[in-house]
Student: 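Please find one structure pasted underneath; my questions will follow.
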Number of protein chains: 2
Amino acid sequence: MINRLEDLLSTLQAASTLEDLQSVIEALRDYYNVSHAVYHWVNSVGERFGAGTYSAEWVDRYLEKDYLRIDPVIFGCFQRFTPVSWKELDWSSKAAREMFQDALAFGLGNQGFTIPIRGPNGQFALFTLNDNVADEDWERFVDQNTHDLMIIAHELNKKALAFEKWGEESSSPSLSPRELSAMTCLAKGMNRAQAAAELQISEHTLRVYIESARHKLGAMNTTHAVARALSTGIIIV
Amino acid sequence: MINRLEDLLSTLQAASTLEDLQSVIEALRDYYNVSHAVYHWVNSVGERFGAGTYSAEWVDRYLEKDYLRIDPVIFGCFQRFTPVSWKELDWSSKAAREMFQDALAFGLGNQGFTIPIRGPNGQFALFTLNDNVADEDWERFVDQNTHDLMIIAHELNKKALAFEKWGEESSSPSLSPRELSAMTCLAKGMNRAQAAAELQISEHTLRVYIESARHKLGAMNTTHAVARALSTGIIIV
DNA sequence: CTGAGCCTCGCCATTTTTGGGGAGTGCAAA
DNA sequence: TTTGCACTCCCCAAAAATGGCGAGGCTCAG
């Protein structure tokens, strides 16, 4: 049992496999003496990556019932910046309340605290602690530990990003300044005539840049090229 | 002079005007005894929001020379998740090195440490400390203070979001599932025929989604719509 | 000094996208 | 229950983008 936060962070930073990460999450749960600790990556598509102490049954249930789409935790965190205690979220929808009851039946505690984490290219993940205690106790717990938990959440996500080899397409092609400008104009919604005017070049020259950028980015069309330029971060709108 | 971090954070949390925020940033600079501290929001359009101790001359210069586009700090941080010391960034471009020299001439220190911060709807901001010390001293400083600085960065951004009421006017419009799918397909480079086949609907129906998404996103054309969907984070490629 | 990459310009034909019209079903909240 | 919104389908003509053919001047590094 790890009983110092620094040791926990060191263990986390040293983790080199998914199993290591899972152990760290379990150690976290024990360290904070709560029912569950979970880190998971969220995509529109579905769960690409995660580690936690929820039962396999609950995870299956969650996926099977497509709770991802109605879970106020996901939804709420996606739209906010700061960590949140579950009680603060919007449980007004019937489906959400049913999900909550279902969760209790599957062994989750009635209290939760979730930290949203955002990485490059729209990456989004959550780190959650869950427990079964009274409101005021949970509030006190959260107040005391928020900052530490935020650091932990950050370190967890750092590891997850490293594991997922997010930098695999690391060699984002380098576009020339004019090509970048052209992409930026298009991303801002200009058509070719407007963009050419903006850059003070002929529309044809602009086309050359767009084509060139498209080829460099390996894109099928202009929209694709702009999408790639945006999501690799080589242009910012 | 504030000399306890907790007091600094309390002051920050109590800040209710931009001037308050500016004072906190200055207090931060003094607390850490560095040359400069800066928080700023980043958009291609330009600085919408920021507070810092850089001289007005340098800020003007920065904007005037469009350094936003070549600054490796902006660039590097946009593509990474973790905080970074400036020395670790890519200064190989000539323009970047010239900018650095220029910065020194305007009173910036040779060392920097910048924390990228991401909020909902693709919001992106940076928190930077800048100083003039030897490499090893800076490294030690960074090692000792990274976690605290991350918390501060988070709190700063929380304040900034509250001020700009980002969640109010520029909250990203909600697209329907089909509209999101359509946008995603286009962002992946499909043309309308391919996307329609992918979604198993007629090309015309697909058009309806695209148009609808375009209107909701306030976009001029398809490329613009996809760009907005990507940069607000409502779709991920 | 030579090649590579960047910046600039033009024309033609074809494909794709866009901007207007409509029209009907079903679900879920007000 | 009504109202709204999401989802699905169709036609036509105009506008925009694409693909492929050129060309020359510039700078920077090998």
Student: Expressed in angstrom and rounded to an integer, what is the separation of A:Met190 atom CE from D:dA17 atom C1'?
Tutor: 17 Å
Student: Under 4.0 angstrom, heavy atoms only, what part of the nucleic acid is A:Thr222 near: base, sugar-phosphate, or nothing?
Tutor: sugar-phosphate
Student: Can a donor-acceptor pair under 3.5 Å be found between the side-chain atoms of A:Arg207 and the base atoms of D:dG19?
Tutor: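 Check passes, donor-acceptor contact within cut-off.
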Student: CD1 of B:Ile210 versus C1' of C:dG19: gap in Å, rounded?
Tutor: 14 Å
Student: Consider ring pair (Phe, Tyr, Trp, His ring centres under 6.0 Å). Of B:Tyr62, B:Tyr54, B:Trp58, B:Tyr67, which one does B:Phe106 pass it with?
Tutor: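 Considering B:Tyr62, B:Tyr54, B:Trp58, B:Tyr67, a ring pair (Phe, Tyr, Trp, His ring centres under 6.0 Å) with B:Phe106 is found only for B:Trp58.
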Student: State whether A:Ser176 places a side-chain N or O below 4.0 Å from either non-bridging phosphate oxygen (OP1 or OP2) of C:dC7.
Tutor: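 It does, given that an N or O in the side chain of A:Ser176 lies less than 4.0 Å from OP1 or OP2 of C:dC7.
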Student: Where the side chain of B:Ile201 is defined as all heavy atoms beyond and including C-beta, which of D:dA17, C:dC9, D:dC9 is the nearest nucleotide?
Tutor: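 Closest nucleotide among those given: D:dC9.
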Student: For A:Arg178 and D:dC26, what is the distance between atoms CZ and C1' respectively, to the nearest whole Å?
Tutor: 14 Å
Student: Once you round it to whole Å, what is the distance between C1' of D:dA16 and CD of B:Glu211?
Tutor: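 Answer to the nearest Å: 14 Å.
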Student: Among C:dT17, C:dC7, D:dA6, which nucleotide has an atom closest to any side-chain atom of B:Asn191?
Tutor: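 When the side chain of B:Asn191 is considered, C:dT17 is the closest of C:dT17, C:dC7, D:dA6.
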Student: Please determine if a side-chain N or O atom of A:Thr205 lies less than 4.0 Å away from the OP1 or OP2 oxygen of C:dT8.
Tutor: no
Student: Closer than 4.0 Å, any side-chain N/O of A:Ser202 to the OP1 or OP2 of C:dG10?
Tutor: yes
Student: Quick check for you: to the nearest 0.5 Å, what is the distance between B:Arg178 atom CZ and B:Leu206 atom CG?
Tutor: 9.0 Å
Student: Using atom CG of A:Leu206 as one end and atom P of D:dA17 as the other, report the distance to the nearest whole Å.
Tutor: 9 Å
Student: If you assign each of A:Val208 and B:Thr223 to its closest nucleotide in DNA chain C, which residue comes earlier from the 5' end?
Tutor: A:Val208
Student: Return the OH to CD1 distance between A:Tyr39 and A:Ile115, rounded to the nearest 0.5 Å.
Tutor: 12.0 Å
Student: Measure from CG on B:Leu175 to P on D:dC5 and round the result to the nearest Å.
Tutor: 14 Å
Student: Taking the side chain of A:His204 as its heavy atoms from C-beta onward, which of C:dG22, C:dG10, C:dG19 lies nearest to it?
Tutor: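 From the listed options, C:dG10 comes nearest.
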Student: What is the distance from CG of B:Leu186 to P of C:dT16, rounded to the nearest Å?
Tutor: 14 Å
Student: Does OP1 or OP2 of C:dC6 have a side-chain N or O of A:Lys216 closer than 4.0 Å?
Tutor: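 It does, given that an N or O in the side chain of A:Lys216 lies less than 4.0 Å from OP1 or OP2 of C:dC6.
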Student: Take atom CD of B:Glu203 and atom P of C:dT17, then tell me their distance rounded to the nearest Å.
Tutor: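 Between P of C:dT17 and CD of B:Glu203: 7 Å.
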Student: Going from CG on B:Leu217 to CD1 on B:Ile210, what distance comes out if it is rounded to the nearest 0.5 angstrom?
Tutor: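 Answer for the CG-CD1 pair, B:Leu217 versus B:Ile210, is 12.0 Å.
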Student: Establish, with yes or no, whether the OP1 or OP2 oxygen of C:dC6 is under 4.0 angstrom from a side-chain nitrogen or oxygen of A:Tyr209.
Tutor: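 So the side chain of A:Tyr209 is outside the cut-off, no N or O lying under 4.0 Å from OP1 or OP2 of C:dC6.
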Student: Do B:Phe81 and A:His154 make the cut of ring centroids closer than 6.0 angstrom?
Tutor: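 Here the rings of A:His154 and B:Phe81 have centres that are less than 6.0 Å from each other.
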